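Counting starts at 1 for both ligands and their atoms, following the listed order. Quick caveat: nothing in here was measured; it's all calculated off a predicted structure.
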Amino acid sequence: MKLFHKPEPVVCGDCLSHIAFIMDGNGRWAQKRGLPREAGHSAGAKNLRKIVTACRDRGIRTVTVYAFSTENWNRPKKEVDGIMSLLADYLDEAMRDKDKNKMRVRVLGDLKPLSEDLIWKICDLEEATAGFTDYTLNIALNYGGRQEITHAVNELIAKGVTEVTPEDISAALYTGGMPDPDLVVRTGGETRVSNFLLWQSAYAEYAFTKTPWPSFGERELDAILKDYCGRQRRYGGL
Ligand code: IPE
Ligand code: IPE
Ligand code: MG
């Protein structure tokens, strides 16, 4: 009898410390199956749990996921409410499992327009996980790269700064103090950035796949990581 073994995961701790995902394709995944778009977001949230664990198993210390953009408010209220409710569930679960996961969770974005309940959950979870510094999950929520840069510059102006350096802006972003992403993966077939980590991705590598986010699995993650590890990042040099 022939035995098939699951291939060993690609371990990336040394060459990749920060991976970011544009989790796109939930709606089309659902529509293709005759399901409402909300079912796609639900399947996407389930996959988020799986991929965050998979990244951690591969030694990647920081994972950033694009959960809701500043432009996603333009969707029907029912869909927006569904996404917010899934996010609330995710935060509850992360709070419940924090001592098992030992993962810092941070939310990047403008929290003000979110519901009070969600804001409390975010603040509580950020505080409760602040000590877990080995692994970090950033959830970009009501996040837009242009909004983030504008916010950072306004913060600097409010402090009385009259001339800014790139380092000042980096430090004032929601990601201040974190390493820039090494690799940004977009699922769902579109080859655009959609206002995600505009400043931080100046020298990021990109990987685009047609696979919708709910179907994106470990095997494809490993193929992307293997490809990434073979790239030469030159940063404008030779
Ligand atoms: C990404 O999936 C999730 C969010 C933007 C919140 P979409 O909902 O954009 O799915 P598609 O791109 O319409 O398939
Ligand atoms: C980007 O996906 C935002 C998230 C994945 C949260 P969108 O579906 O909103 O992006 P566009 O509209 O295709 O550019
Ligand atoms: Mg989309």
Check your understanding: Which protein residues have a heavy atom under 4.0 Å from ligand 2?
Key ->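 Contacting ligand 2 under 4.0 Å are I22, M23, D24, Y66, A67, F68, N72, R75, R186, R192, S194.
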
Check your understanding: Quick one: which of T64, T175, T136 gives a side-chain hydrogen bond (donor to acceptor under 3.5 Å, both in side chains) with H18?
Key -> T64

**Study point:** side-chain contact (heavy atoms from CB on, under 4.5 Å) partners of V80, counting only residues at least two apart
**Key:** F68, W73, R75, M84

Review point. Counting distance only, does the side-chain N/O of W213 pair as donor-acceptor with the main-chain N or O of G44 below 3.5 Å?
Key: yes

Exercise for review: Look at K226 together with D222 and state whether they make a salt bridge at an N to O cut-off of under 4.0 Å.
Suggested key: no

Exercise for review: Check the surroundings of atom CD in Q232: do more than 12 heavy atoms from other residues, nucleotides or ligands lie under 6.0 Å from it?
Suggested key: yes

Check your understanding: Cut-off 3.5 Å, side chains only: do Y174 and Q200 have a donor facing an acceptor?
Key -> no

Practice item. Around the Mg ion (ligand 3), list the protein N/O/S atoms within a radius below 2.8 Å, excluding water molecules. Key: D24 OD1

Review point. Rounded to the nearest 0.5 Å, what separation is found between the CD1 atom of I139 and the CG atom of L48?
Key: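 One finds 6.5 Å between CD1 of I139 and CG of L48.
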
**Study point:** With Y143 via side-chain hydrogen bond (donor to acceptor under 3.5 Å, both in side chains) - residues at least two apart
**Key:** E148

Exercise for review: Please check if I22 and V65 belong to a single hydrophobic cluster, counting links between Ile, Leu, Val, Met, Phe, Trp and Tyr side chain heavy atoms closer than 4.5 Å.
Suggested key: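 Result: no, two separate clusters.
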
